[in-house]
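Written below as structure tokens is the structure these notes are about.
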Number of protein chains: 2
Amino acid sequence: MAQKDTVDRILNAAEALFAERGFAETSLRTITSTANVNLAAVNYHFGSKKALIQAVFVRFLEPLSDTLSDQLDTVEEEGKEMLLDDLLDLLVAAVTSAHGNDVNRTASFMRLLSLAYTQSQGHLRDYLRERYGRVSNRYISMLRPACPQLSDKALFWNTHFALGAAVFSLSNYDALQAMHNDDTGEESPIREVIKRLLGFISAGVPVTLE
Amino acid sequence: MAQKDTVDRILNAAEALFAERGFAETSLRTITSTANVNLAAVNYHFGSKKALIQAVFVRFLEPLSDTLSDQLDTVEEEGKEMLLDDLLDLLVAAVTSAHGNDVNRTASFMRLLSLAYTQSQGHLRDYLRERYGRVSNRYISMLRPACPQLSDKALFWNTHFALGAAVFSLSNYDALQAMHNDDTGEESPIREVIKRLLGFISAGVPVTLE
DNA sequence: GTATGTTTCAAACAGGTGTTTAAAGCGCTC
DNA sequence: GAGCGCTTTAAACACCTGTTTGAAACATAC
């Protein structure tokens, strides 16, 4: 009871602080004092700071991975063909619904994902790939029938271009929105940005050189 | 003589190490020992670690900014209309030529850019925006006649989707290439990836909701 | 050759880091 | 109520961080 409380408080604080500042820039003392727990609690419950970082990701990715797996199962069972846009919508739905439809938490998630790619000295990326590579590969291979003209290579790179566009724009959503608002006075709610992003991606993914 | 030597050695080491590990994860002791200079040299020549980080970016961006400005000048003087693909090619040429056509250095540059967005607690992003906002806005506004159907808002977001795709895929080029190679055994030279990227971007940027 | 201004150097500084320790506190069963 | 396992606590650990210092080395000009 008390244990679960402490663990969750640490995870909540760590998640928010990591997303805000990055891993190395966030000390255990900042995390534990934000979470109102003792400094030693992190090492007691998680073992190390590295393990805490991984735990934050697991808490984020586990429900997403489950939701996505289930959805892919039903798609496969039903056997009806999915267009590219259908598959993109499915992914967006999985990502947002996996965390209670809280778009801000989705932005946090994107920020963490971006940090995982840029900040980790390998250990995180390897860990995530080992743990969630199957689901992501499964999703990507479902794109194949939706884009029959693409070679494997083109499909691989195009999906990662799309991932980059999504991760970058959503993880920096606040800063970009502020920038755009400074320049033009216009507002862009995140839902609208996601719609634009989907249009951008769905135009780019089917493109091939061959 | 000796000064310029020391300064350059520090900048070279810092640039490579920052791109590899990030700012917070790279200590001055690592930088100075890699550069074979005394630890105090950084604070003597640059003043602080923050100032060193900025100097690394300035050395990267100053030639790019100059090259791009010149090219935009000639485009404006000639007055001939530029298609989207022309403008994209122009940008790629400016980025690569600004650093002696060394594609690896371009990848480093992208990695630093990505770090500037994710790792900085504001100071770096503000500094870069203040210093290079004019050129980048000028370039973006040149896209306007090439995409007349786009609203300002659509143009803003689409260009940042494109920036995200570019920054993400090129800054993680090594890791992505290794990943793809593991799975399929295929190689993707960086020049080919850039070509694919340009196709992806040029399909996505003109898309609009309106 | 002496004086001057710049650069290098080893050493120390104060402060922050992740982690460990041993004692204290707690809830539980017997 | 004693005993036991789990959790929390304050303190200390050893180490690493960016920065500063004052003396030494250097190059240059008179």
Side-chain angles (χ1 to χ4, degrees), chain A residues 1-59 112 115-116 118-124 127, chain B residues 1-59 112 115-116 118-124 127:
Chain A
M1 183 63 180
Q3 172 183 353
K4 190 170 178 305
D5 210 57
T6 303
V7 168
D8 277 349
R9 287 232 298 282
I10 293 175
L11 285 172
N12 288 337
E15 181 182 303
L17 289 167
F18 284 155
E20 194 184 317
R21 324 181 183 183
F23 305 127
E25 294 86 348
T26 306
S27 72
L28 292 185
R29 282 167 178 82
T30 309
I31 294 172
T32 51
S33 70
T34 304
N36 270 316
V37 302
N38 187 273
L39 166 63
V42 168
N43 286 280
Y44 177 76
H45 287 288
F46 297 94
S48 69
K49 186 182 181 182
K50 263 190 188 174
L52 170 61
I53 295 175
Q54 293 184 349
V56 167
F57 274 86
V58 167
R59 192 177 66 150
L112 288 174
L115 291 175
T118 57
Q119 286 210 321
S120 68
Q121 304 111 338
H123 84 279
L124 229 194
Y127 176 77
Chain B
M1 183 64 179
Q3 174 185 351
K4 191 171 178 303
D5 209 60
T6 303
V7 168
D8 277 350
R9 287 233 297 282
I10 292 174
L11 284 172
N12 289 338
E15 181 182 303
L17 289 166
F18 284 154
E20 194 185 316
R21 324 182 184 181
F23 304 128
E25 294 86 347
T26 306
S27 72
L28 293 186
R29 281 168 178 82
T30 310
I31 294 171
T32 52
S33 71
T34 304
N36 269 315
V37 302
N38 187 272
L39 166 62
V42 168
N43 287 278
Y44 176 77
H45 287 288
F46 296 94
S48 69
K49 187 182 181 181
K50 262 190 189 174
L52 169 63
I53 295 175
Q54 292 183 350
V56 167
F57 273 86
V58 167
R59 191 176 68 149
L112 289 174
L115 292 175
T118 57
Q119 285 210 319
S120 67
Q121 302 113 338
H123 85 279
L124 189 55
Y127 177 78

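Convention: sequence-line order gives letters A, B, ...; per-chain numbering from 1. Because only heavy atoms are used, hydrogens play no part in the values below, and waters and symmetry mates are left out as well, while side chains stay in. Model, not experiment: these values are computed from the prediction.
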*What nucleotide, of dT19(C), dA11(C), dT17(D), holds the atom closest to the side chain of Leu39(B)?*
dA11(C)
*Would you check if Phe46(B) and Val56(B) make a side-chain contact, meaning some heavy-atom pair closer than 4.5 Å?*
no
*asked:* Without decimals, in angstroms, what is the distance between Ile31(B) CD1 and dC16(D) C1'?
replied: 15 Å
*Return the value, rounded to whole Å, for the distance between atom CD of Glu25(B) and atom C1' of dT17(C).*
14 Å
*Can you figure out which of dG18(D), dT19(C), dT8(D) approaches the side chain of His45(A) most closely?*
dT8(D)
*Could you tell me whether Thr30(B) contacts a base, only the sugar-phosphate backbone, or nothing, with contacts defined as non-hydrogen atoms closer than 4.0 Å?*
nothing
*asked:* Mind checking if Ala41(B) touches a base, just sugar-phosphate, or nothing, with heavy atoms under 4.0 Å?
replied: nothing
_Check this one for me: any side-chain N or O of Ser27(A) less than 4.0 Å away from OP1 or OP2 of dG16(C)?_
no
*Where the side chain of Tyr44(B) is concerned, which of dT8(D), dT6(C), dT21(D) is the nearest nucleotide?*
dT6(C)
*asked:* Do Val42(A) and Arg29(A) have side chains that approach each other closer than 4.5 Å (heavy atoms only, starting at C-beta)?
replied: no
_I want to verify a distance call: between dT19(D), dG18(C), dT8(C), whose nearest atom is closest to the Asn38(B) side chain?_
dT8(C)
*To the nearest angstrom, how far is Leu28(A) atom CG from dT17(D) atom C1'?*
16 Å
_Nucleotide nearest Thr6(A) (side chain, heavy atoms from C-beta), chosen from dT8(D), dT19(D), dA10(C)_ = dT8(D)
_Length of the line joining Ile10(B):CD1 and dC9(C):P, which is rounded to integer Å_ = 11 Å
*Find the distance Arg21(A):CZ to dG16(C):P and express it as a whole number of Å.*
14 Å
*Mind checking whether Leu115(A) and Arg21(A) have side chains closer than 4.5 Å, heavy atoms only?*
no
_Nucleotide dC16(D), atom C1' - distance to NZ of Lys49(A) in whole Å_ = 13 Å
*Which whole-number value in Å describes the distance from Leu17(B) CG to dT17(D) P?*
12 Å
*Measure from the side-chain heavy atoms of Ala40(A) and tell me the nearest of dG18(C), dT19(D), dT21(C).*
dT21(C)
*Given side chains that start at C-beta, do those of Phe23(B) and Leu112(B) come closer than 4.5 Å, heavy atoms only?*
yes
*Spacing between Asp5(B) atom CG and dC26(D) atom C1', to the nearest angstrom*: 15 Å
*Does any non-hydrogen side-chain atom of Leu52(A) lie less than 4.5 Å from one of Asn43(A)?*
no
*Between the base of dG18(D) and the side chain of Arg29(B), is there a donor-acceptor distance below 3.5 Å?*
yes
